[in-house]
Amino acid sequence: MTVRLRFSPAPTGFLHVGSARSALFNWLYARRTGGVMVLRIEDTDVDRSRPEMIAAIHDNLRWLGIDWDEEYRQSERFEQYREVTKKFVDSGQAYYCDCSREDVVARVGENAGYDGHCRDRGVEPPDDGGAGDGDGDNRSVVVRFRTPDSGVTAWDDLIRGRVEFENEVLEDFVIVRSNGVPMFHVANAYDDLDMNITHVVRGEDLVNTTPRVLLLREAMGATEHPVYAHLPLIVNEQRKKLSKRRDDVSLGDYAERGYLPEAMRNYLITLGWGAKDDIEIRPIEEIVERFDLADINKAPAFFDIKKLDHFNGEYIRQLDLDSFIEQSQSYAGDVDGELYARLAPFVQERVRRFDEVPATIDWVVGESPQVEPKDWKKVMTKDGVDKVLDLVLERLTDVTWEPEALADAVLGAGNELGLKSQLPVRIAVTGRRSGMPLFEPMAELDRSVVLDRIKAARDRL
RNA sequence: GCCCCCAUCGUCUAGCGGCCUAGGACACCACCCUCUCAAGGUGGCGGCACGGGUUCAAAUCCCGUUGGGGGUGCCA
């Protein structure tokens, strides 16, 4: 039997890092086993689904290098789900319920779930034939699945081991909304069965829906279930599940900030999985070779931007110069292409994200930035800085305007005075204490600009 | 409240009964390299949550405690 996995996002927004990681683990296992990767858009909630998000999800997945072999949309399969729920009602495995949330709360309180009130009340479907016809006019009647009162529903999770739920605590859950649209459980259970999904790899936040899906599958006549693997969640510094509201989770935003997809992909994989040989940064082919769902960790993992930045820096430095230039130039702003190409080798060595490019080259392509007060104080208030700048000014006036000569002039002036000259000149010309090597980029500036900047600094002392 | 899950350095991980005086990575600190920074190199700091078992032997198995998290919708 061929391995078949599916990634099933709901198109309610852009892909976020948690979903991306789920997609990745599915994809990794599919590629590892020579299996099939299915992309299934779970858009059963008509009100929340944004069809335009589907294209965005495609883009995000492709950006990460994830491809898929088959694609489905649940909204195109409503008829099949209705057929199933109809059968459930006909056979007594499900029933109509007209309780409002308020009714239930009044009966059992806030903390309890549905009490099975309508199980045997024989609630009639509305005149139009009942929930499930999708015409939306039977607002208050839903279909609920009759869950067993005893026994356990359990599965052997590939990551977590055996997980058991007492059927007693499973309430009769809604399988068809009052607008006639089936709930995701039904679509999910039906599709996994219909599409012969063999491995379900998803976030741990879905564990508690698994017994429902298992029960539904059994009601549909399934005798076997897929292997489930519930991934540990990705959490923020507060150890809470990454959320759209409070955390930076949009994959697209990371792309915009200048993270390389290879770096993001590689980093995401280390959240919950590590190679036996301790090597973290490596080509995706090697990861595919080594990957196994069973080796994934159980504990939640913190999304550590600092480590992501490190990974990204590594990948940026691995780029050959031409592709670095090609990929980073759009971040550089309005710069002459040839000038940027000359600066690029210095830039590539120190940025960790492309969005750091502007602040690296700004003093060459624009005005010298404002000096941070504490940098000024640290460098320019030392004794002798005035002498250094005076002498440098003198030497720079008629020196040959090329890097080597500039270095000799500036450093030579310092040596002559027995003082450090590089840092004061750097502050004067670049506005910063750190950055690219000074002299090559400095040679790109006009002599007058450099002299003016140094004079201005000298005057400010 | 009820249900489910989790627990190795600050963080991500290796470890799946003896190879562990617990390894690697990020971060941090120091030194080297060096026109600054970064990169690189070297070294350092730092952990098996706690308590009981089981065993000749436990980070590894079992139980409990504590601490976290997830779920509890006519979202997925």
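Since the structure is predicted, the reported quantities are computational estimates derived from the model, not experimental observations. The chains referred to below are lettered A, B, ... by the order of the sequence lines, with proteins before strands, and numbering in each begins at 1.
- On the C1' atoms, G24(B) is 14 Å away from G46(B), given to the nearest whole Å.
- Between the CZ atom of Phe346(A) and the C1' atom of U36(B) there is a distance of 13 Å, rounded to whole Å.
- For Ser434(A), the side-chain atoms get nearest to C37(B) when compared with the rest of A38(B), C3(B), C37(B).
- Rounded to the nearest Å, the gap between the P atom of G53(B) and that of G1(B) is 31 Å.
- For Arg352(A), taking side-chain heavy atoms from C-beta onward, the closest of the listed nucleotides C74(B), A27(B), C35(B) is A27(B).
- Side-chain contact of Asp191(A) with Tyr81(A): a donor-acceptor pair under 3.5 Å is present, judged by distance alone.
- To the nearest whole angstrom, the two P atoms, one in U65(B) and one in C75(B), are 37 Å apart.
- In the displayed structure, Lys377(A) atom NZ is contacted under 6.0 Å by at most 12 heavy atoms of other residues, nucleotides or ligands.
- When the P atom of U36(B) is taken as reference, atom CD of Gln422(A) falls 6 Å away, rounded to whole Å.
- Proximity note for Phe439(A) (side chain, C-beta onward) versus A76(B), C4(B), C35(B): the nearest is C35(B).
- With Val17(A) as the partner, the side chain to side chain contact (heavy atoms under 4.5 Å, CB included) test is satisfied by one option alone out of Leu271(A), Leu24(A), Leu242(A), Asp247(A): Leu242(A).
- Cation-pi contact between Arg144(A) and Tyr114(A): present, with separation from the ring centre below 6.0 Å and deviation from the ring axis of at most 45°.
- Under the Watson-Crick or G-U wobble criterion, with both distances below 3.5 Å, A25(B) is paired with U11(B).
- Spacing of C1' atoms, C5(B) relative to G47(B), comes out at 23 Å, to the nearest Å.
- For Tyr259(A) and Tyr315(A), the distance between ring centers is not under 6.0 angstrom.
- Residues meeting the side chain to side chain donor-acceptor pair (under 3.5 Å) test with Lys420(A), sequence neighbours left out: none.
- G17(B) and U54(B) are spaced 11 Å apart, taking the C1' atom of each and rounding to whole Å.
- Between Arg177(A) and A76(B) there is a side-chain polar atom (N or O) within less than 4.0 angstrom of OP1 or OP2.
- Distance, Phe173(A) CZ to G73(B) C1': 13 Å, rounded to whole Å.
- Residue-environment remark: CZ (Phe14(A)) stays at or below the threshold of 12 foreign heavy atoms within 6.0 Å.
- Distance from the side chain of Lys240(A) is smallest for G70(B) among the nucleotides G70(B), A38(B), C35(B).
- Judged by Watson-Crick or G-U wobble contacts below 3.5 Å, the nucleotide C16(B) has no partner.
- Taking atom P on both nucleotides, C9(B) is separated from C50(B) by 10 Å, rounded to a whole Å.
- Atom CG in Leu206(A) sits roughly 11 Å away from atom P in A76(B) (whole-Å rounding).
- A gap of 7 Å separates the C1' atoms of U60(B) and C16(B), to the nearest Å.
- The ring-ring contact (aromatic ring centres under 6.0 Å, His included) check on Trp273(A) picks up Phe291(A), with sequence neighbours excluded.
- Distance, Asp309(A) CG to A38(B) P: 15 Å, rounded to whole Å.
- Distance CG (Asn266(A)) to P (G24(B)): 20 Å, rounded to an integer number of Å.
- G43(B) and C26(B) are spaced 14 Å apart, taking the P atom of each and rounding to whole Å.
- Considering only side-chain atoms of Leu233(A), the nucleotide from C4(B), C35(B), G69(B) that sits closest is G69(B).
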Protein within reach of the bases, or only the backbone? For nucleotides 11-18 of chain B, mark each nucleotide 5' to 3' as B, S or -, using heavy atoms under 4.0 Å.
SBSSS---
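- With sequence neighbours excluded, no residue forms a ring-ring contact (aromatic ring centres under 6.0 Å, His included) with Phe346(A).
- Proximity note for Lys241(A) (side chain, C-beta onward) versus G70(B), C4(B), C35(B): the nearest is G70(B).
- Sorted by first and then second residue, the pairs that involve residues 352-366 of chain A and meet salt bridge (Lys or Arg N to Asp or Glu O under 4.0 Å), not counting sequence neighbours, are Asp309(A)-Arg353(A), Arg353(A)-Asp355(A), Arg353(A)-Glu356(A), Asp362(A)-Arg432(A).
- With rounding to whole Å, Asn167(A) atom CG is found 12 Å from C4(B) atom P.
- Annotation: proximity of residues 182-190 of chain A to RNA chain B (heavy atom, distance under 4.0 Å) is found for Met183(A), Phe184(A), numbered in ascending order.
- The listed nucleotides are G73(B), C35(B), C37(B); the one nearest the side chain of Arg426(A) is C35(B).
- Mapping Asp45(A) and Arg162(A) onto RNA chain B via the closest heavy atom, the residue that lands nearer the 5' end is Arg162(A).
- Side-chain contact of Asp172(A) with Thr147(A): a donor-acceptor pair under 3.5 Å is present, judged by distance alone.
- Counting only heavy atoms from C-beta on, Phe165(A) has its side chain closest to C3(B) among U36(B), G69(B), C3(B).
- In summary, of the residues considered (Gln80(A), Arg77(A), Glu83(A)), a side-chain hydrogen bond (donor to acceptor under 3.5 Å, both in side chains) with Tyr190(A) occurs for Gln80(A) alone.
- Nucleotide C75(B) forms a pair with no other nucleotide shown, judged by Watson-Crick or G-U wobble geometry with both contacts under 3.5 Å.
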